[in-house]
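Naming: A, B, ... by sequence-line order, numbering from 1 per chain. All heavy atoms count here, side chains included; hydrogens, waters and symmetry mates do not.
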Amino acid sequence: MESSKDRLLEERKTKLRWWIEKDEDPYSARFGPRHSIEWVRNSHEDLKAGEKRETKVSLAGRIVALRGHGKTSFADLKDRTERIQIYAREDRLKKRYPLFQKLDIGDIIGVKGKVFKTKSGELTVETFDFLLLAKSLRPLPEKWHGLQDVELRYRKRYLDLIANPGVRDIFLQRGAIINTVRNFLNERGFLEVETPMMQPLPGGATARPFRTHHRALNEDLYLRIAPELYLKKLIVGGMEKVYELNRNFRNEGIDRLHNPEFTMLEVYSAYDGYEEMMKLTEELIQWVAKQIKGTLEISYQKERIHLSSPWKRMTFIQALKEIGNLEVNLKNEVEVRAAASEVGLNVEGLTGAQILEHLLDHQVVPKLVQPTFIVDYPVATSPLAKRKKEDPSLVERFEVFMGRQEIGNAYSELNDPIEQRARFAETEAGKGSMDEDFLEALEYGMPPTGGLGIGIDRLVMLLTDSVSIRQVILFPQLKSKSSEEG
RNA sequence: GGGCUGUUAGCUCAAUUUGGCAGAGCAACGGACUCUUAAUCCGUAGGUUACAGGUUCGAUUCCUGUACAGCCCA
């Protein structure tokens, strides 16, 4: 009746009691000062095979491999930075040697000892003293193949991090990318701000929101789908250059490119328009790539992406014609519908503007490998963007694509409150509930402003050559399993 | 929402084609071993084949449904 899993757990618990009987605390409170394994490696690489250094080092980490040889034992110890071999001998550890032999793969220990190089040249720490810091009760995934089961990797990311070396790198890079983005914007005088994630009215994008309820206020609130309208209120308030880099929530499908919570950068710059935002986008992404990858040539899914300027630009109409091979008069909805049906899109219940966006997504975006700005969108696709003077059927908007994905979206922000009200009224969302707070703010006067949004997860995917957004989110959303504890 | 595929020991994988005692490596357990490193050698144990039904003398294998996941499409 007892499963193998239970038996393994029982064996470890027996060992746990053994340590306690030996008066050894299997869960220590702390392990004083320690060297990083990386430091130990770097500062001892000059040792020759067989040579020992007399100064002692102090290390802590997880045992990831054990090789016992009777009166000597080897272990591999891993910390945040690196892996190193540990060597223990009975004649050195004396009475404590049996304790060392009792250690398991997965245990977390502290080690004090001297660094030497084995005759085969492996840098090794000879253990003079060691301490069990945390007893591991479960077997780790297999050492050679790691953890392959994608579902387990996402559900138990900590095991993925222990077993699969590349995973940590992705998240180190993610952290570095976000840092770099902040540095870039801070240096250019942008202020990072935080606006509500719980909003009485979800705005700034078209997406189904998550709803929650505030008890004390007795009011429904929505998790934000975008921070846009709040950030523009700050522009009205004279803050001029702001950005927010944080989570948005959209209650929609989950796939390779979508997680219900995702990280978005929004930047607003007063007295600028979408031309300036294009420049900013190009510089930002080039800067990040340079800092993270050291080059403007990146490789994504076996394709080379050249990030050096200038990036290709084409209008929305051009893109549909030249890349999508669609000859359509955008103003003629009947024609647009026919073209969409012809390429196999289901246009049932969609507005003309939505169909145009679908056409772009399906016929054009999958072909955009090199960085490309698509500019001048039909007005109906973008209720928050300013119309083009030369052609009021279009707006000053661009989206930027690379690696066959959308990376960012920007407008010259619509700052005419009367037109904004009218444009809201024309949209699906606007019909239900007009964001009067936002409109009132505009009525006080918002300077001309360029606004930009960049999907940070997408950017991380590009720079870490990841196919799925789940690879760059530590704990991606999965359906919960009503399973055994454990 | 639709289609296809997958789910076998703690982990990585066989066996399913053509139904016939479910195997291996790592990890574990016992033993040997004082420079090993995917340590080695001897031995032991570990399975409700995701779950629920069905067909069959007999199902991991065929059929239906469910759950979760992956890929593609909408």
P spacing across the pair B:rA50 / B:rU12, given as an integer number of angstrom:
15 Å
Within the structure shown, what part of the strands sits under 4.0 Å from A:Leu152 by heavy-atom distance: base, sugar-phosphate, or nothing?
sugar-phosphate
What does B:rU12 pair with, Watson-Crick or G-U, if both distances are under 3.5 Å?
B:rA24
Out of B:rC35, B:rC11, B:rU12, which nucleotide sits closest to the side chain of A:Phe116?
B:rC35
What interatomic distance, in whole Å, is found between P of B:rG20 and the corresponding atom of B:rA39?
37 Å
Salt bridge or not between A:Lys52 and A:Glu54? Use side-chain N to carboxylate O under 4.0 Å.
no
For A:Arg80, look at atom CZ and say whether over 12 heavy atoms of other residues, nucleotides or ligands are found less than 6.0 Å away.
no
Would you call A:Leu229 and A:Leu384 a side-chain contact if the rule is heavy atoms closer than 4.5 Å?
yes
Nearest to the side chain of A:Arg67, which nucleotide is it out of B:rA39, B:rG10, B:rU12?
B:rA39
Kindly compute the distance separating CD (A:Glu327) from CD1 (A:Ile317), expressed to the nearest 0.5 Å.
11.0 Å
Mark yes when over 12 heavy atoms from residues, nucleotides or ligands other than A:Arg208 sit less than 6.0 Å from its CZ; otherwise mark no.
no
Integer-rounded Å distance: B:rG10 P and A:Lys156 NZ:
13 Å
When we call it a touch if two heavy atoms are under 4.0 Å apart, what does A:Leu478 touch: a base, just sugar-phosphate, or nothing?
sugar-phosphate
With a non-hydrogen cut-off below 4.0 angstrom, is A:His362 in contact with a base, only sugar-phosphate, or nothing?
sugar-phosphate
Between A:Glu11 and A:Thr14, is there a side-chain heavy-atom distance shorter than 4.5 Å?
no
Which value, in whole Å, describes the distance between the C1' atoms of nucleotides B:rU36 and B:rA15?
36 Å
May I ask you to say what A:Leu8 touches in the nucleic acid, namely base, sugar-phosphate or nothing, with a heavy-atom cut-off under 4.0 Å?
base
With rounding to whole Å, what would you report as the distance between B:rC11 and B:rC21 at their C1' atoms?
26 Å
Can you tell me how far P of B:rC26 sits from CG of A:Asp76, to the nearest Å?
17 Å
Atom-pair distance (OH on A:Tyr154; P on B:rA69), nearest Å:
12 Å
Consider only side-chain N and O atoms of A:Gln405 and A:Tyr300, and report whether a donor and an acceptor are under 3.5 Å apart.
yes
Of all the nucleotides listed (B:rC11, B:rC33, B:rG10), which has the minimum atom distance to the side chain of A:Glu142?
B:rC11
When you measure from every atom of RNA chain B, which of residues 117-131 of chain A have a heavy atom less than 4.0 Å away?
A:Thr118, A:Lys119, A:Ser120, A:Glu122
So which of residues 83-104 of chain A are in contact with RNA chain B, with a heavy-atom cut-off of under 4.0 Å?
A:Gln85, A:Tyr87, A:Arg89, A:Asp91
State which of B:rA27, B:rA28, B:rA69 makes the closest approach to the side chain of A:Lys143.
B:rA27
According to the Watson-Crick and G-U wobble definitions, with both distances under 3.5 Å, which nucleotide is paired to B:rU61?
none
Partner nucleotide of B:rG46 by Watson-Crick or wobble geometry (both distances under 3.5 Å):
none
To the nearest angstrom, how far is A:Leu77 atom CG from B:rU36 atom P?
20 Å
May I ask you to say what A:Gly253 touches in the nucleic acid, namely base, sugar-phosphate or nothing, with a heavy-atom cut-off under 4.0 Å?
nothing
P gap between B:rG65 and B:rA24, integer Å:
36 Å
Can you tell me how far P in B:rG23 sits from the matching atom in B:rG47, rounded to whole Å?
13 Å
Of the listed nucleotides B:rA69, B:rA39, B:rA45, the one nearest the side chain of A:Arg155
B:rA69
Going by the side-chain contact (heavy atoms from CB on, under 4.5 Å) test, name the single residue among A:Val181, A:Val460, A:Leu462 that passes it with A:Val288.
A:Val181
Nearest whole Å is fine: how far is B:rC11 P from A:Leu147 CG?
8 Å
Salt bridge check: are A:Asp465 and A:Lys302 linked by an N-O gap of less than 4.0 Å?
no
When you get a sec, tell me which of B:rA27, B:rA38, B:rC11 is the closest nucleotide to the side chain of A:Trp144?
B:rA38
Closest-nucleotide 5' rank along RNA chain B - winner of A:Lys71 and A:Asn346
A:Lys71
From CG of A:Asp6 over to C1' of B:rU48, roughly how many Å is that when rounded to an integer?
14 Å
Relative to each other, are the rings of A:Phe316 and A:Tyr377 parallel, tilted or perpendicular (30° and 60° limits)?
tilted
Are there over 12 heavy-atom neighbours, none belonging to A:Arg53, within less than 6.0 Å of that residue's CZ?
yes
Can you tell me which nucleotide in B:rA69, B:rC11, B:rA28 comes closest to the side chain of A:Arg7?
B:rA28
Please tell me which of A:Pro141 and A:Thr72 maps to the more 5' nucleotide of RNA chain B, matching each residue to the nucleotide holding its nearest heavy atom.
A:Pro141
Using Watson-Crick or G-U wobble geometry with both distances below 3.5 Å, tell me the partner of B:rU40, or none.
B:rA32
When you compare B:rU44 with B:rG58, how far apart are their P atoms, in angstrom units rounded to a whole number?
35 Å
Distance, rounded to the nearest Å, where A:His145 contributes NE2 and B:rC26 contributes P
11 Å
Does the pair A:Glu24/A:Lys15 count as a salt bridge with the N-to-O cut at 4.0 Å?
no
Base-pairing mate for B:rU55 - Watson-Crick or G-U, with both contacts under 3.5 Å:
none
Parallel, tilted or perpendicular: ring planes of A:His44 versus A:Trp39, cut at 30 and 60 degrees
perpendicular
For nucleotides B:rA74 and B:rU66, find the distance between their P atoms and express it as a whole number of Å.
24 Å
Between B:rA67 atom P and A:Lys479 atom NZ, what is the distance in whole Å?
7 Å
Who does B:rC68 pair with, Watson-Crick or G-U, both distances under 3.5 Å?
B:rG6
